[in-house]
Amino acid sequence: MLQLLAIHALPVLTAATAAGNAVLTAWAFVAHRRRQVALGPTFWRLLLLVLVVLAGQVITGALVAVSGARPRTQLHYLYGALVTTGAVVQFGLRPQGFLRVAMTRNEAPFREPRSLAIVCVTQMLLILRAYMTGAFGH
C-alpha cells in the first residue's frame, strides 16, 4: 500500500497532467483565435497521453482509498471525482466519442477548439486543487 501511495502522491505525475492540460488549453485557445473548426490528430494524441497518466493517478488513488488510507481532508475525494469526470468528458469529446455524437446531434454548431479550451483549463485547475487537498489538506 505504501508503494501505491508513493506513486499516487508523486508530484511529477501531477505536474505532468496539469502541464499537459495547460498545453492543451493554449493549443485549443490559439486554434479558436485562428477560427479553426477542428483540432488536429496531434492534439488528440497528446490528450490521450495525458489521460493515460491521469488514469494511473486515479487508479492508484482508488486502490489506496480501498486499502484504508485516508487523505488529510475528505474534500480530496470530491476533487478526485471531479477530475475523473473531467477526464471522461475529455475522452468523450474526441472525434467519434460518445459525447461528441451527443453534442453534434442538434442544429447548433459544435465549436471544438473553444469547448476543449474550457474543458482543459477546468481540468488543469481541478488537478491542481486535488493535489493541494491531498498533499496539504486544504
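- Using a 4.5 Å cut-off between side-chain heavy atoms of Ile, Leu, Val, Met, Phe, Trp and Tyr, with links allowed through other members, Leu24 and Leu99 fall into the same hydrophobic cluster.
- Closest approach of Val83 to Ala130, counting heavy atoms only: CG2-CB, 4.4 Å.
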Donor-acceptor pairs under 3.5 angstrom involving side-chain atoms of residues 85-96: please list them, not counting sequence neighbours.
residue: Thr85; atom: OG1; partner: Ala81; partner atom: O; Å: 2.9
residue: Gln90; atom: NE2; partner: Asn21; partner atom: OD1; Å: 2.7
residue: Arg94; atom: NH1; partner: Phe91; partner atom: O; Å: 2.7

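- Val12 forms part of a hydrophobic cluster together with Ile7, Leu10, Leu13, Val53, judged by ILVMFWY side-chain heavy-atom separations under 4.5 Å.
- Screening residues 12-32 for salt bridge (Lys or Arg N to Asp or Glu O under 4.0 Å), with sequence neighbours left out, gives no hits.
- Not a single side-chain hydrogen bond (donor to acceptor under 3.5 Å, both in side chains) links His32 to another residue, sequence neighbours left out.
- Hydrophobic clustering places Phe98 together with Leu51 (ILVMFWY residues linked when any side-chain heavy atoms are closer than 4.5 Å, directly or through intermediates).
- For the atom pair CG of Leu125 and OH of Tyr79, the computed distance is 10.5 Å after rounding to the nearest 0.5 Å.
- Qualifying side-chain contact (heavy atoms from CB on, under 4.5 Å) partners for Ala18, counting only residues two or more places apart in sequence or in other chains: Met124, Ile127, Leu128.
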Would you give me the side-chain donor-acceptor pairs under 3.5 Å for residues 36-48, sequence neighbours excluded?
residue: Trp44; atom: NE1; partner: Leu39; partner atom: O; Å: 3.4

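- Contacts of Ile59 classified as side-chain contact (heavy atoms from CB on, under 4.5 Å), with partners at least two apart in sequence or in another chain: Leu63.
- Sorted pairs that involve residues 102-126 and meet ring pair (Phe, Tyr, Trp, His ring centres under 6.0 Å), not counting sequence neighbours, are lacking altogether.
- Residues passing the side-chain hydrogen bond (donor to acceptor under 3.5 Å, both in side chains) test with Arg70 are Tyr77, sequence neighbours excluded.
- Residues satisfying the side-chain contact (heavy atoms from CB on, under 4.5 Å) criterion with Leu5, sequence neighbours excluded, are Val64.
- Under the 4.5 Å side-chain criterion, counting only non-hydrogen atoms from C-beta, Pro113 is not in contact with Trp27.
- Rounding to the nearest 0.5 Å places OG1 of Thr84 at 7.0 Å from CG of Leu54.
- Among pairs with a residue in residues 114-127, none fulfils side-chain hydrogen bond (donor to acceptor under 3.5 Å, both in side chains), at least two apart in sequence or across chains.
- For Arg100, the salt bridge (charged side-chain N to carboxylate O under 4.0 Å, His left out) partners at least two apart in sequence or on another chain are Glu112.
- You'll find the side chain of Gln57 reaches within 4.5 Å of the side chain of Thr14, heavy atoms only.
- Remark: Phe136 CZ to His76 NE2 distance equals 12.0 Å, nearest 0.5 Å.
- Under a hydrophobic-cluster definition in which Ile, Leu, Val, Met, Phe, Trp and Tyr are linked whenever side-chain heavy atoms come within less than 4.5 Å, directly or via other members, Phe29 and Val23 are assigned to different clusters.
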